[in-house]
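Encoded as structure tokens, here's the structure I'll be asking about.
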Protein chains: 2
Amino acid sequence: MKTQLDPSADLSIQIATAIRDAIISGALPVDERLPSESELCETFEVGRSTVREALKRLAAQSLIRTQRGATGGAFVNRLSYADAHAQQITTSTLLLSMNAVNFETACEARFALERACAPLSAKRRTPDQLATMRAEIHRQGQTGLSDEAWCASDVAFHRALVDGAANPVLSYQLAGAVEAMQPLMNMITFTARSRDHIIGLHTDIADALDARDAATVDQKLADLAHYTTQLALSVFAARQATQKTS
Amino acid sequence: MKTQLDPSADLSIQIATAIRDAIISGALPVDERLPSESELCETFEVGRSTVREALKRLAAQSLIRTQRGATGGAFVNRLSYADAHAQQITTSTLLLSMNAVNFETACEARFALERACAPLSAKRRTPDQLATMRAEIHRQGQTGLSDEAWCASDVAFHRALVDGAANPVLSYQLAGAVEAMQPLMNMITFTARSRDHIIGLHTDIADALDARDAATVDQKLADLAHYTTQLALSVFAARQATQKTS
DNA sequence: GCAAATTAAATGTCAGACTTTTAGAAACGG
DNA sequence: CCGTTTCTAAAAGTCTGACATTTAATTTGC
């Protein structure tokens with residue numbers, strides 16, 4: 001792990017990189033304990049704060065965890081799907097909000113990914129996941145549901161669909177994308193009429209999954225993608241018109 | 001941004017979280033300069049090392065960048081697709097290597113995602129991207145190509161296919177998945193016979209994209225997924241048999 | 001008016017002390 | 001001999017103060 005450091009660049013970055021490389025390459029296996037901070041100081045011949053800043057960088061990426069106390073120290077962390085999922089959501093959310101990705105692009109990506117797991121979900125979905133979808137559809141039909149609650153339920157519905165594919169790698173990638181889009185979706189006002197239409201499509205999707213009819217699931221997801229995009233465009237257009245008159 | 005800190009938990013984590021929330025919520029816009037370290041010390045009433053460790057955590061996630069000198073400081077970073085892409089690859093790679101995701105699961109996810117952008121790529125691929133694919137196919141046909149070089153070319157081919165969808169959100173998500181799988185693919189020995197078969201499928205895919213024939217692209221990707229999975233399984237089985245005899 | 005030197009502000013690094021947490025060892029008592 | 005309590009040591013977390021380095025703005029000198 002020891003590498004010569006270039007004093008002209010930031011030391012804590014170099015140390016973090018060296019340790020990260022050791023972890024990624026497998027030289028430091030999961031749950032292996034790193035040397036203590038003092039030992040790392042001697043190894044790299046730097047001050048303790050420098051070592052600590054390097055370790056914090058790694059901790060921020062969930063590559064290590066630290067534990068205080070006598071047998072404590074820094075340990076190589078087994079990256080959990082939950083950790084990866086959280087990072088994915090943060091990254092995707094920031095990417096969407098900071099780069100002015102237009103709604104169409106985000107929507108297209110989301111539904112393209114979701115359609116990718118439709119056939120798998122049709123094959124493997126459990127009765128439990130179907131029940132979750134039905135429950136969310138029922139909730140979506142309730143009057144007086146706020147736009148936020150509506151969107152949250154929408155996410156839960158699609159999350160169940162994705163989980164139905166029973167592929168954790170797909171779930172982690174996709175659920176991140178779906179949830180990252182929620183802030184964008186929250187900006188849309190869903191009228192009672194548009195809600196009814198979406199609920200209809202959701203019902204069709206659930207029915208098709210029930211019947212393990214992959215083609216119909218795919219078709220209805222495509223319809224939903226098209227409808228959502230059109231709806232968003234009209235809502236944004238209307239909002240822009242309002243702003244001009246005011 | 002100022003929030004009361006709980007002295008029982010780690011201060012640097014709380015400070016990092018507070019600033020991160022401010023960034024994600026948009027309270028701190030892109031390129032906004034954070035208060036200097038000394039000012040943050042006073043705001044949160046902690047020592048400078050604590051503030052610095054918090055900032056390093058954020059820097060590790062590309063949420064901020066720091067600049068030295070008179071007009072320096074920490075600035076809210078505009079997350080670039082390149083940054084997001086790099087993080088995605090690291091996360092996905094670790095997830096696959098640390099969680100004993102079996103090859104079938106990873107492969108299934110990868111091709112499911114890739115098939116998701118096949119129809120878009122068929123519609124939008126540029127002549128340039130087609131040329132890249134043809135070039136990689138040509139390279140793959142050369143004799144004496146190492147397994148690593150073969151896999152790298154394979155990644156480049158699929159990357160061009162994904163980029164053909166002309167959706168940056170899809171590119172970032174998918175290219176990460178494709179590249180994260182490369183270490184797993186590198187573990188497979190590709191015989192001349194299997195290479196020929198894959199090259200044939202690649203050619204079919206390129207031809208179908210050329211003709212903007214989405215259905216055939218999808219079909220050939222499915223074939224490729226199936227073939228790759230079978231090939232991997234047989235390679236792993238053969239390796240296991242060898243180990244038993246030794 | 002332009003170039004060089006100075007200054008000031010900011011991050012990066014270091015050293016040392018202290019605090020807190022924690023597991024294990026030692027002492028104690030039944 | 002066993003269980004409980006106390007002590008101890010190791011380690012991360014925090015604080016303070018100092019110095020180094022980088023960089024832009026300011027001042028100075030010509």
Side-chain angles (χ1 to χ4, degrees), chain A residues 1-20 22-23 28 31-77, chain B residues 1-20 22-23 28 31-77:
Chain A
M1 183 162 75
K2 170 74 179 298
T3 55
Q4 284 312 312
L5 302 183
D6 172 10
S8 69
D10 283 6
L11 297 175
S12 70
I13 293 180
Q14 296 178 62
I15 294 173
T17 304
I19 299 178
R20 175 161 38 236
I23 294 176
L28 290 172
D31 290 335
E32 176 90 351
R33 201 197 119 156
L34 299 188
S36 74
E37 295 178 353
S38 334
E39 289 170 308
L40 288 172
C41 293
E42 293 172 13
T43 306
F44 291 106
E45 296 175 332
V46 296
R48 197 175 152 217
S49 14
T50 307
V51 165
R52 282 184 60 77
E53 285 174 17
L55 292 179
K56 294 313 145 206
R57 295 184 125 99
L58 300 175
Q61 297 185 309
S62 305
L63 268 79
I64 62 171
R65 62 180 184 280
T66 56
Q67 209 177 345
R68 290 170 75 164
T71 57
F75 298 83
V76 177
N77 203 21
Chain B
M1 182 162 76
K2 170 74 180 297
T3 55
Q4 283 312 312
L5 301 184
D6 172 11
S8 70
D10 283 5
L11 297 175
S12 69
I13 293 180
Q14 297 178 60
I15 293 173
T17 304
I19 299 178
R20 174 162 38 235
I23 294 176
L28 290 172
D31 289 335
E32 176 90 352
R33 201 198 119 156
L34 299 188
S36 74
E37 294 178 355
S38 334
E39 289 170 308
L40 289 172
C41 292
E42 293 171 13
T43 306
F44 291 106
E45 296 175 331
V46 296
R48 198 176 151 216
S49 23
T50 308
V51 165
R52 280 183 61 77
E53 285 175 16
L55 293 179
K56 294 312 146 205
R57 294 185 126 99
L58 300 176
Q61 297 185 309
S62 306
L63 268 80
I64 61 171
R65 61 180 185 280
T66 55
Q67 209 177 345
R68 291 171 73 166
T71 58
F75 298 82
V76 177
N77 202 21

- Message: Reading DNA chain C from 5' onward, which residue's closest nucleotide shows up sooner: B:G72 or A:S49?
- Response: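 Of the two residues, B:G72 wins.
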
- Please state how far atom CD in A:E37 lies from atom P in D:dG13, giving the value in whole angstrom units.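 The distance from CD of A:E37 to P of D:dG13 comes to 6 Å, rounded to the nearest Å.
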
- Task: Could you state the atom-to-atom distance from CG of A:L11 to P of D:dA20 in whole Å?
- Result: 15 Å

- Message: Between A:S36 and A:E39, do the side chains contain a donor N or O and an acceptor N or O under 3.5 Å apart?
- Response: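 The criterion, which ignores hydrogens and geometry beyond distance, is satisfied for A:S36 and A:E39.
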
- Would you find a donor on one side and an acceptor on the other, under 3.5 Å apart, between the side chain of B:T50 and the backbone of B:V46?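 The answer is no, because no donor-acceptor pair under 3.5 Å joins these two groups.
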
- When rounded to the nearest 0.5 angstrom, what distance separates CD in B:E32 from CZ in B:F75? 9.5 Å

- Query: side chain to side chain contact (heavy atoms under 4.5 Å, CB included) with B:L55: which of B:I15, B:L34, B:L63?
  - Reply: B:L34

- Message: Considering every strand and a 4.0 Å limit on heavy-atom distances, what is the contact class for A:G69: base, sugar-phosphate, or nothing?
- Response: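 Base: the residue A:G69, judged by heavy atoms under 4.0 Å, touches a nucleobase.
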
- Taken to the nearest whole Å, CZ/A:R48 to P/D:dG13 is 8 Å

- Message: Please classify the nucleic acid contact of B:T71 as base, sugar-phosphate, or nothing, using heavy-atom distances under 4.0 Å.
- Response: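 Result for B:T71 = sugar-phosphate.
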
- Tell me what A:R33 touches on the nucleic acid: a base, only sugar-phosphate, or nothing, going by heavy atoms under 4.0 Å.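 Sugar-phosphate contact only - A:R33 comes under 4.0 Å of backbone atoms but never of a base.
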
- Query: Nearest to the side chain of A:S36, which nucleotide is it out of D:dG13, D:dA11, D:dT16?
  - Reply: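 So the side chain of A:S36 is nearest to D:dA11.
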
- Note on the structure: Note: chain B reaches DNA chain C at heavy-atom distances under 4.0 Å over the stretch, first to last nt, 5' to 3', of C:dA9 to C:dT13

- Of B:R68, B:K56, B:R48, the residue whose pairing with B:E37 passes salt bridge (Lys or Arg N to Asp or Glu O under 4.0 Å):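 Going through the options one by one, the only one that passes is B:R48.
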
- Item | Between D:dA11 (P) and A:R65 (CZ): distance, integer Å | 17 Å

- Item | Pair A:D31 + A:R65, salt bridge at N-O below 4.0 Å |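 The answer is yes: the pair qualifies as a salt bridge.
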
- With a non-hydrogen cut-off below 4.0 angstrom, is A:S38 in contact with a base, only sugar-phosphate, or nothing? nothing

- Starting from P on D:dT23, measure out to CD on B:Q67 and report it in whole angstrom. 8 Å

- Item | Spacing between A:L40 atom CG and D:dA11 atom P, to the nearest angstrom | 11 Å

- Return the angle between end axes of the helix from C:dG1-D:dC30 to C:dG30-D:dC1, with five pairs used per end and rounding to 10°. 20°

- Query: Roughly how far apart are B:I64 CD1 and B:T66 OG1, rounded to 0.5 Å?
  - Reply: 6.5 Å

- Query: For A:R68 and D:dA9, what is the distance between atoms CZ and C1' respectively, to the nearest whole Å?
  - Reply: 15 Å

- Query: Taking atom C1' of D:dA10 as reference, at what distance in whole Å does atom CG of A:L34 sit?
  - Reply: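 These atoms are roughly 16 Å apart.
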
- Task: For A:R57 and A:S12, run side chain to side chain donor-acceptor pair (under 3.5 Å): C-alpha distance rounded to whole Å, both residues' side-chain angles, the deciding distance at 0.1 Å, then the answer.
- Result: CA-CA 9 Å; A:R57 295 184 125 99; A:S12 70; 2.7 Å; yes

- Message: Check whether B:Q14 reaches the backbone of B:A9 with its side chain - one donor and one acceptor, N or O, closer than 3.5 Å.
- Response: yes

